[in-house]
Amino acid sequence: MSREGVDTGNLLLGGDLAIDLLPQPRGFQVLRLPPGGATLIASSSEGIALRGIALTGSANEPFDVVANPRGGTLVVRWAPAGDTQVLTAQFLDATALPQSEPVELRTAPRDESRFILAGVDTRGRALLVWSEPGRDTLLGQWLKSNGKPLTEPFPIPLPASPSPNVRLRPLVDGGIAIQQSDGQWALRIPSGEAEALPAPDWLASHPQTDLVLIRHRRAHALVPPPVLVEGSGCQESLLLFDSDGTACGELAFPFGGGTCVGRQLGIALDGTVIQQIDLNIPANNQCAWRWWSRLLR
């Protein structure tokens, strides 16, 4: 669809193998995970495929792909190399072309169970999070915008596990916020600094939310879980905050359907808010959306 809602005629093929969509300043990228390994497909704003690249050699290799708030993506993976596995990092541009060579960061025995998580902040620095055998807590390390180490590994006071379900989100003024598996915003990692601080109060007081940058990376929006209102339907809203966490208000959106299952408002890079809605059509596999173009620009 164009911004005006006109069908461009371009069909995006992702299906059940698509696991994430990474918006870019112009266009977007689709992350797919077929049995043969993860792939990344870069497309134009009109949905025309520009380039597809292989990221891993199998679906079992630990990896993460995250959007860079400045455009492009970061790819990190534990790549097999003989009897070892090597943690590598590489930045790609918005069309999936390499911005730097892959950087090798550390090695581990191949038979060790590993994971890797990443986040990129508004200054273009990357935070990696992983665990080491024998440690009770996670480790973190900052990378420069070329993928090379900025700090030494440092402790992150969250429990280590084989695959921790934590979420990393960028903050307006730099740094990364970390959300625990229970939905509580727990920590703030200042940009380029080897320390973990408590999450700011405005964030910690809103668990179970997602954090999105708005107004061209000058403000924050929190996306709470939708609420089912008896007799009316699914109510969705946004909480708005300035760069320093000052509350700016709440936006409540029209009821979107009779169930809240699988629903969450989407916010595009240009501030467009997208809402899934129900269609009163007796047919299978019917999807519909409405949007407010550049609402939070």
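- For the pair Trp202/Asp244, no side-chain contact is recorded, criterion being any heavy-atom separation below 4.5 Å from C-beta on.
- Taking 4.5 Å as the limit, some side-chain heavy atom of Val129 sits within range of a side-chain heavy atom of Leu168.
- Within a 6.0 Å radius of CZ in Arg297, no more than 12 heavy atoms belonging to other residues, nucleotides or ligands are found.
- For the residue pair Thr88/Trp78, the side-chain donor-acceptor check at 3.5 Å is not satisfied.
- Remark: the Asp182 side chain and the Gln184 side chain contain no N/O donor-acceptor pair separated by less than 3.5 Å.
- For the pair Glu132 and Arg114, the salt-bridge criterion is met [side-chain N within less than 4.0 Å of a carboxylate O].
- Leu55 and Leu22 end up in the same hydrophobic cluster when Ile, Leu, Val, Met, Phe, Trp and Tyr side chains are linked at under 4.5 Å.
- Side-chain N/O atoms of Glu112 and Gln85 include no donor and acceptor closer than 3.5 Å.
- Side chains of Val75 and Phe63 form no contact here, defined as non-hydrogen atoms less than 4.5 Å apart.
- Taking the ring axis of Trp142 as reference, the NZ or CZ atom of Arg125 does not stay both within 45° of it and closer than 6.0 Å to the ring centre.
- With a 4.5 Å cut-off on side-chain heavy atoms, Asp210 and Arg167 count as touching.
- Defined by atom type and a distance below 3.5 Å, a donor-acceptor pair is missing between the side-chain atoms of Ser58 and Asn60.
- Heavy-atom contacts from other residues, nucleotides or ligands closer than 6.0 Å to CZ of Arg51 number more than 12.
- A donor-acceptor contact closer than 3.5 angstrom links the side chains of Asp121 and Ser191.
- Leu21 and Leu265 fall into different hydrophobic clusters, where Ile, Leu, Val, Met, Phe, Trp and Tyr residues are linked whenever their side-chain heavy atoms come under 4.5 Å apart, directly or through other members.
- Within 6.0 Å of the CD atom in Glu101, the count of heavy atoms belonging to other residues, nucleotides or ligands does not exceed 12.
- Between Asn68 and Leu74 there is no side-chain heavy-atom pair separated by less than 4.5 Å.
- Cluster annotation: Leu92 and Leu31 are assigned to the same hydrophobic cluster (Ile/Leu/Val/Met/Phe/Trp/Tyr, side-chain heavy-atom contacts under 4.5 Å, transitive).
- There is no side-chain donor-acceptor pair under 3.5 Å between Arg263 and Gln276.
- Using a 4.5 Å heavy-atom threshold, the side chains of Phe154 and Ile189 count as touching.
- Taken to the nearest 0.5 Å, the CG atom of Leu222 stands 9.0 Å off from the CG atom of Leu240.
- Summarising the geometry of Pro157 relative to Ala196, their closest heavy-atom pair is CD-CB, 3.6 Å, with the distance given to 0.1 Å.
- The shortest side-chain heavy-atom distance between Leu105 and Leu128 falls under the 4.5 Å cut-off.
- Classified by interplanar angle (parallel below 30°, tilted 30° to 60°, perpendicular above 60°), the ring pair His206/Phe241 is perpendicular.
- Crowding of Glu195 atom CD: a count of heavy atoms from other residues, nucleotides or ligands under 6.0 Å exceeding 12.
- Few gaps surround CZ on Arg217; more than 12 heavy atoms of other groups in view lie less than 6.0 Å from it.
- In this structure the side chain of Gln275 never reaches within 4.5 angstrom of the side chain of Trp291, judged on heavy atoms.
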